[in-house]
Amino acid sequence: LKPGDLIFVEGEYTSPRSKPQKYKLVHVEVFLGGPTGEQTIGARHQRGVIRLHDSYKYESKNYEITNYYFRSLEPWLRGELECAHPADWVARDSGALSGCAGCELADAAGKRSIFDSSGADEEQGAGGDDEGEDDEARGHARVEPFGASGESGGGEAPVFFVEKGNGWKLVAQALERRGWRRLPFEYGFRTHGWQLKWVQQRRDIDYLALENQQQQQQQGQGQVQAQLVNHLPNNLVITSKLGLLETLRLKFGLGSMPDWFPESYRLDLPSDCARLLKRHSELAAAGAAGAASCVADCGEEVVWILKPSGSNCGKGIRLVASAAELRTECFGAAPGDEIEAGQKEEDQGPRKADTAAPPPAPSFPPAETIHQGLSGAESSLVAVALPESPVRGSAVAAARKLSPETEPALASTASTATSTAASAASASEAAAVRSVAVAQLYLTNPLLLEGRKFDMRVYGLIARAAPGKFLFYMYREGYARLSLVPYSFTADLEDRFAHLTNASVQKQHAAYASGREDSLWSFRRLEADLVKRGLCPLGWATDPNFQGQGGGQGGGEGLLAQMRLIMSSVADAARQEGRLKRKSGFFDLLGFDLIVDHQLKCKLLEVNTNPALHLDNRVLEDLLPRVVDDALELVLENHETDFKRPLVQPAASGDGAPEAGGQPEAAGASTALEAGGFELLIDEANNFTWAP
């Protein structure tokens, strides 16, 4: 073998639930040789992380390895290989490319080459921010790609690719009603031959290839078609906890954040950690004194909710009320406690990596404010860390992990501290990105429905992201997600079923199967419950033109007005502060999560990319098809001038078309304030931004 050649691994799964891989090939690595003569590079054990391995030999917990195949790349590069299983390739590609302009490739490998992608989807789950049941299992129609039956579909109809998983059938059906044709799943790796691509993760979009094709189109080279993709490349600036916090800080300033965003601090910045501890002491003292302001904000006890920046599905989230535990989160465990602290973190399970670089640090408060209340060693390390790049927890935690014996020297010698902190930061850089977390003031007195805590999922759409043409819409309907157990703040803070309303958490409850239908409420049902209890006037949650009557509970702004303010502010901050990468062809359907307090005031919890589109409930079966259909209508209509063929065809009646919602009456959606269920909040081309 030469470096660059391939080693294929043959194996059989030990679990009968695992679907066998095609040809029993379960893994492949690239041969390097290296100092051991057997060194390879590859991603083992489904972790998705590429690493160097001293040897190609290894053991797996999921399958028993039966053989290794060593294959040179040279014959393949010279074009001398023949397909060993031609019947399989014919079955996958027969008729798939008929009538598809630009689809000249004769044989299309799967997304994972010879490895069957459908098995991987079933085993790992393909879900958005919440996992859900397969639509087909609930009796929804099957959607076939064009060419699957050998028919070409004919004509010059535009072509789309949608990745299997997370409500893909809603996307496919909406586009097919408009005369579009779907590429088979095997063609996900292609960078041409399609006009729209809808995938779950940004990593499945080749943004560099898109940019090159846009340049060719602008230069009038060839027959290059414009292409649409459903994610902005750096949407983490609002869809990660850390990115959202920094985007809002840049817009509003560190000391003047809006009251609809929970008080928040970064656990990777020593300055933020110091301010967090100081604020906790202030709120605790005010609460003990019975100050009305504290009781309104945080109840009788001060609690913080800790959220890993890049995770979803409620992973890694926990509540903390102890000043000592907050200090440990900020500045690491005391010397001698490293094993216990490490074990606790491991027990919480792996945390999803935030693949973006940490956002820029905010301006720091005066040094005397930062150091107040810190120990001598901690204060010295904070001084060293500012204003350097953040590390896990703080420079304190990194230095303690490096060597507990260095702490006295760090407190007394600035130069030693600088050297040690820099060394620790360098060694912990990757872990720092993965472990960045945010602490938010926990709302202990939320509005309840039938005694249960709830939050709300609503939808925002970046319909166009090109410079000077930014378009952002809000969908007027959403739904409430209720916990399955009654809420009581005096209950155990570790009771995730009472405190976390995320569906991925609630479905782990024993009563989820029987209570699923009652765990999601429409806005109409939510409003009816509140009206019946005398908590709000009719129309508070459903009337776009609701006007508060003044005075008393429910006399303020309606739900939709608060949604407009929150969602337009977030989108405006992302575009105006230069945070989002903006190119023609980008769009993004986003899920905004809101919570309502006992005074009917909304607060923003987070923004989600790839929001769950599973039809798990009658409420979702009614709502989500309309959300997807209206979103695609807006995207296609506002990008049609970029293409050389019509993108919007009259949607067929029946055949699964959404019964409610409808299409925009105006020909130009960018100038219409309403489009289906969406309402325009920002139209950059016409200098329009929603304002109260």
Side-chain angles (χ1 to χ4, degrees), residues 118 121 125-146 148 158-185 188 194-201 204 228-231 457-463 473 475-479 503 520 522 587-592 608-637 647-663 675-678:
S118 62
D121 287 336
D129 53 321
D130 295 321
E131 297 175 2
E133 184 176 296
D134 189 342
D135 298 337
E136 205 166 290
R138 294 176 62 84
H140 297 283
R142 300 177 66 89
V143 179
E144 298 292 346
F146 77 85
V159 177
F160 72 96
F161 173 84
V162 60
E163 180 185 6
K164 185 178 182 181
N166 190 27
W168 68 271
K169 294 185 180 70
L170 297 180
V171 177
Q173 290 166 351
L175 289 171
E176 288 173 344
R177 282 195 300 272
R178 290 166 170 82
W180 285 60
R181 297 177 299 160
R182 181 173 72 86
L183 280 173
F185 294 128
W194 49 262
Q195 284 71 58
L196 185 148
K197 188 173 189 177
W198 185 296
V199 294
Q200 298 181 62
Q201 301 183 62
D204 292 321
L228 303 177
V229 293
N230 71 318
H231 293 303
R457 164 59 57 84
V458 295
Y459 299 93
L461 173 68
I462 300 175
Y473 291 83
Y475 204 76
R476 286 176 170 172
E477 293 183 62
Y479 61 95
L520 300 181
S522 67
F587 69 96
D588 225 325
L589 180 64
L590 304 169
F592 286 70
N608 295 277
T609 184
N610 187 38
L613 299 176
H614 305 291
L615 306 182
D616 289 343
N617 173 285
R618 286 191 296 269
V619 172
L620 300 183
E621 290 176 355
D622 171 68
L623 174 65
L624 293 184
R626 291 186 283 119
V627 171
V628 172
D629 193 79
D630 290 347
L632 284 169
E633 181 73 15
L634 282 170
V635 169
L636 298 181
E637 193 168 87
L647 297 183
V648 180
Q649 304 289 338
S653 60
D655 298 327
E659 296 179 0
Q663 308 302 330
F678 280 99

Could you walk me through whether L632 and W198 satisfy the side-chain contact (heavy atoms from CB on, under 4.5 Å) test, starting with their C-alpha distance in whole Å, then the side-chain angles of each, then the deciding distance to 0.1 Å, before giving a yes or no? CA-CA 11 Å; L632 284 169; W198 185 296; 3.9 Å; yes

Heavy-atom closest contact ([X] atom, [Y] atom, distance):
{"X": "R457", "Y": "P611", "value": "NH1-CB, 3.6 Å"}
{"X": "V159", "Y": "W180", "value": "O-CZ3, 3.5 Å"}
{"X": "R182", "Y": "F160", "value": "CB-CZ, 3.2 Å"}

Could you label the plane-to-plane angle of the F678 and Y473 rings as parallel, tilted or perpendicular, counting under 30° as parallel and over 60° as perpendicular? perpendicular

If you define the side chain from C-beta out and look only at heavy atoms, does anything of [X] sit under 4.5 Å from [Y]?
{"X": "N230", "Y": "F587", "result": "yes"}
{"X": "L624", "Y": "Y459", "result": "yes"}
{"X": "Y475", "Y": "L623", "result": "yes"}
{"X": "V162", "Y": "L183", "result": "no"}
{"X": "L636", "Y": "L228", "result": "yes"}

Carboxylate-amine/guanidinium proximity below 4.0 Å for K197 and E163: no

Between R178 and D629 (salt bridge meaning N to carboxylate O under 4.0 Å), is one present in this structure? yes

Please find out if less than 6.0 Å separates the ring center of W168 from that of F161. no

Start with the C-alpha distance between N610 and N166, add both sets of side-chain angles, then the distance that settles side-chain hydrogen bond (donor to acceptor under 3.5 Å, both in side chains), and finish with yes or no. CA-CA 8 Å; N610 187 38; N166 190 27; 2.7 Å; yes

Roughly how far, to the nearest 0.5 Å, is [atom2] of [Y] from [atom1] of [X]?
{"X": "R626", "Y": "E621", "atom1": "CZ", "atom2": "CD", "result": "12.5 Å"}
{"X": "E633", "Y": "L461", "atom1": "CD", "atom2": "CG", "result": "12.0 Å"}
{"X": "R181", "Y": "Q195", "atom1": "CZ", "atom2": "CD", "result": "9.0 Å"}

V619 meets the side-chain contact (heavy atoms from CB on, under 4.5 Å) criterion, sequence neighbours left out, with Y479, S522, N617

Indicate yes or no for a side-chain donor-acceptor contact from [X] to the backbone of [Y] under 3.5 Å, with no hydrogens or angles considered.
{"X": "D630", "Y": "G677", "value": "yes"}
{"X": "H231", "Y": "T609", "value": "no"}
{"X": "N608", "Y": "L590", "value": "no"}

